[in-house]
Every structure is written in structure tokens, then in C-alpha cells.
There are 2 protein chains.
Amino acid sequence: MILKNQNEWALHCCVVLAGLPPERYLSTKALAEFHAVPKEYLSKALQSLSQAGIIEGTLGPSGGYRLARKASDITFLDVVEAVEGKSSTFACTEIRKNNPCRPAKYRDPKPCGVARVMWEADEAWRKRLRATKVSDIANALADEVPGDILEKTTAWVTAHT
Amino acid sequence: MILKNQNEWALHCCVVLAGLPPERYLSTKALAEFHAVPKEYLSKALQSLSQAGIIEGTLGPSGGYRLARKASDITFLDVVEAVEGKSSTFACTEIRKNNPCRPAKYRDPKPCGVARVMWEADEAWRKRLRATKVSDIANALADEVPGDILEKTTAWVTAHT
DNA sequence: TTGTTTAAGGACATTAAATATCCTCAAGCA
DNA sequence: TGCTTGAGGATATTTAATGTCCTTAAACAA
């Protein structure tokens, strides 16, 4: 099991969009070029984010995407669930029902014990993703990335805005 | 992202093996029949468990598998990692290196912030899996499954032993 | 000794998902 | 009018998951 690349792309795109001047948009083309990923495919991920209400797009030249709400209101889980879906990483196939000793009519009072644990693990994963916001990463970049690179990057993004 | 079926099968097999009389073995054939899953494919999962030292097999008639150590010493994570692998569910492709404003020579002092969060979420997932043992589920079954079904099941397993 | 059973594991086929590309459409804008 | 944009449908390509088949060597019973 491995998460799709879309997750990484979408998260990085949100961080970039978080650094955008207010009211400005950045196009799929620019985001794809910045991250060196295929534009058409990245577009699918951005469409998912748009549908989830995380980013919003506008048409025409000078169009593109911007965050639909404050970066501090967008968690990693929001982004990952937009791309990856909300359903659990564990799919219980009710394998216990195949026990040849079970009466066909028997109804289980509780979900399968194995599934319960796997679902709790999935929830622990989501809980951690819920705890970090896009703004946290955007802020951390300001500390971790050397000033000159950060400056050039901001200029590049603004120029493509 | 969805975990493989192998995980569910392997976990349930371990629970069944945990209920085995001491020194007895249960064959792949019996485990496959019990869970109604394809024997040849289940065999691959069991081989993974065997290689990981979770179960051990022996040959010949009356051969099969048994737990290689106490069920209370086998965590869900042990089983899932045997089947699914130990590498993180998030693969960082170092997308930040593609930033056109970055000097080619620049060396990052820390791993990518996005990756760090994703890895921590992965670790939170594993931590939860580490917290439950095969014995926990085996014990819970004794409470949750009606006595007669449990009895018949034990008889079935013992008969195939 | 011989035949049957078993796990181990290699080779391969099938199926589903991830990745990627292409095309059309309508909205925005010069 | 013509170029840009995102939205989204259709389809191709690639990779992973699922499933099957076969051979080998060990265990065991007749």
C-alpha cells in the first residue's frame, strides 16, 4: 500500500498557493512547471481539491487557482481526503462469515475484531493528518529555506500570477 | 490507497493459529477452506509470515503452520509489515528539488516538511497497530462469539490439525 | 522403497488501480 | 475574434494486486 503521488503534489500546491498575494490566482500550468510534474495529470488533483472546496478556480488569462479559505483552516487530512478519498484504508470483507461452522442465519452483534483494530489505526493516521495545517508548513518554510531562495521563489510565483 | 486483502487473511489466520492445540499444525489448505479464500494465493501471505518469523511451517501429512511464538508476542504491526512491507505509506519524491529558483547545488538541512508530517501520520498508524496483539483478538472472540459456534469451530480446526 | 502430503518458491496470467495524455466545452479577458 | 483558463469526459499506458500453475525437497505412512 502506497499513497498516490497526487497527495504529495496537492499538498505542495496548497503550500504554494498559501504564499500567493491576496486575490491572485496561479494556473495549473505554473504549478506543474514549478513542481516539474505533468500538467494534465496534476490538473486532475487540483480538480479534486476544487470539488472538495479547498481551492477555487477562475477562468481566462490571469486565471488559475487560489485557496478557497485561509491556509490555517486547511488540514493535511482535508487535502489527502480530497485526493485519496474518505474511505478507510482497510476494507473488511467479512471473512469471518465464511467460517464453515457458522449458521448461515447468524447475525454478528459487533463488527469484526480485526477490522475494528485496522479501522482504529486508520483513524489514528487521519487524526495525525488533521493536526497539521497547510499554514504550518508555509510558516516552517520561512524558517527553513534560505532567504534568497525564498525571495526568488516568491518572485517567480508572483510573476506567474 | 487500500491495504491488500492479504492483510486481512493473514491476521485472521494468525488468530486461528492462536487457538490451535500446542505443537499442532494447520495446513494452508485448511486455512484457505476455513476462510474461503484461494489456497495458492493465501499461501503467498503465509510464506511472508513464515519468512518474518511469525509462523513456522513443517512438511508432510499432519504438517502445516503454527505460530512461531506466543500470540501475545505478535502484534498487528508484525503481521501487517510482513505482508505489506515496512516502508512508509508515503513516498517522498523530493518534489521541492524541482523548484526552478533553487540552486542545483543546494543541500536541504532537513527532510521536506510535507514528508515529515506524512511520515508521522504513517508512524501513528503503525503505533496503533503495534498496540494490539493477536492474543487480544483471540481472547475477544471467546467473549463475542456464541459458545456453540466457538465450540464447533474449535472442533473443526482440531479435526484438520 | 514407494507414494502421498506438505511448505517453499519460481513463473506466469489476469485484473484492477495509478499514471498519463488528449480532446471538447464554456467562461473570462484582451 | 481569438487566446487563455478550469471542468471534465474518453482513452491509453504502466504498475501493482490478485490469482493460478508448476517444480522441488522434506516429512511421513504404508
Side-chain angles (χ1 to χ4, degrees), chain A residues 1-10 13 17 23-33 35-68 80 82-85 87 89-91 93 95 160-161, chain B residues 1-10 13 17 23-33 35-68 80 82-85 87 89-91 93 95 160-161:
Chain A
M1 178 194 67
I2 185 101
L3 289 166
K4 335 192 214 193
N5 283 350
Q6 305 260 37
N7 290 283
E8 187 184 18
W9 301 358
C13 283
L17 292 180
E23 306 299 311
R24 305 297 285 277
Y25 295 86
L26 195 59
S27 71
T28 304
K29 185 160 168 286
L31 284 166
E33 188 185 336
H35 293 114
V37 299
K39 167 169 123 58
E40 309 287 350
Y41 192 33
L42 174 64
S43 168
K44 301 297 183 187
L46 296 174
Q47 281 174 41
S48 298
L49 294 182
S50 176
Q51 272 208 314
I54 295 168
I55 64 179
E56 55 192 10
T58 191
L59 295 175
S62 85
Y65 290 104
R66 68 178 175 195
L67 296 186
V80 169
V83 166
E84 196 73 37
S87 60
T89 52
F90 180 79
T93 66
I95 203 179
H160 287 75
T161 240
Chain B
M1 178 193 68
I2 185 100
L3 290 165
K4 334 194 216 192
N5 283 350
Q6 304 260 39
N7 289 283
E8 187 184 17
W9 301 357
C13 283
L17 291 180
E23 307 299 311
R24 306 296 285 277
Y25 296 86
L26 194 60
S27 71
T28 303
K29 185 160 168 285
L31 284 167
E33 189 184 335
H35 294 115
V37 298
K39 167 169 123 57
E40 308 287 348
Y41 191 34
L42 174 64
S43 168
K44 302 297 183 187
L46 296 173
Q47 281 174 41
S48 298
L49 294 181
S50 176
Q51 273 208 313
I54 295 168
I55 63 179
E56 55 191 9
T58 191
L59 295 175
S62 86
Y65 290 105
R66 68 178 176 195
L67 296 185
V80 169
V83 166
E84 197 72 36
S87 61
T89 51
F90 179 79
T93 66
I95 202 180
H160 288 76
T161 241

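Just so it is clear, the values below take in all heavy atoms, side chains as well, and ignore hydrogens, waters and symmetry mates. Keep in mind that what you see is a predicted model, and the values were worked out from it rather than measured. Protein chains get the first letters and strands the later ones, always in sequence-line order, with residue 1 at the start of each.
A:Thr28 comes within contact range of the sugar-phosphate backbone alone, with a heavy-atom separation under 4.0 Å but no base atom that close. Residue contacts for A:Ser43: at a heavy-atom cut-off of 4.0 Å it reaches no nucleic acid atom on any strand shown.
Here the side chain of A:Leu59 is nearest to one of D:dA17, C:dT6, C:dG28, namely C:dG28. In this structure, of C:dT21, C:dA11, C:dT19, it is C:dT19 that holds the atom nearest to the side chain of A:Lys4. Each of D:dG6, C:dG28, C:dA20 was ranked by its minimum atom distance to the side chain of A:Ser27; first place goes to D:dG6. With distances taken from any side-chain atom of A:Gln51 to the nucleotides C:dC29, D:dG8, C:dT21, the minimum falls on D:dG8. Taking every side-chain heavy atom of B:Glu84 into account, D:dA17 is the closest of C:dC29, D:dA17, C:dT6. Side chain of B:Pro61, nearest nucleotide from C:dT5, D:dC22, C:dA20: C:dT5.
Listed here is the closest heavy atom pair of A:Ala52 and A:Ala82: CB-CB, 3.6 Å. Between A:Leu31 and A:Leu46 the shortest heavy-atom distance is CD1-CD1, 4.0 Å. Between B:Gln6 and B:Ala45, the shortest heavy-atom contact is OE1-CB, 2.9 Å. A pairwise comparison of heavy atoms in A:Leu67 and A:Ile55 identifies CD2-CG2, 3.9 Å as the closest pair.
Judged by distance alone with a 3.5 Å cut-off, a donor-acceptor contact links the side chain of A:Lys44 to the base of D:dG9. With hydrogens and angles ignored, no donor-acceptor pair closer than 3.5 Å exists between the side chain of B:Lys39 and the base of D:dG19. Between the base of C:dG9 and the side chain of B:Gln47 there is a donor-acceptor pair shorter than 3.5 Å.
Taking CE of A:Met1 as the reference point, atom CE of B:Met1 lies at 4.0 Å (rounded to 0.5 Å).
Toward the 5' end of DNA chain D, the nearer of the two residues A:Glu40 and A:Gly63, judged by each one's closest nucleotide, is A:Gly63. Nearest-nucleotide assignment on DNA chain D puts the 5′-proximal partner with A:Ser62, out of A:Ser62 and A:Ile2.
Within the structure, a side-chain polar atom (N or O) of B:Asn5 is placed less than 4.0 Å from OP1 or OP2 of D:dT18.
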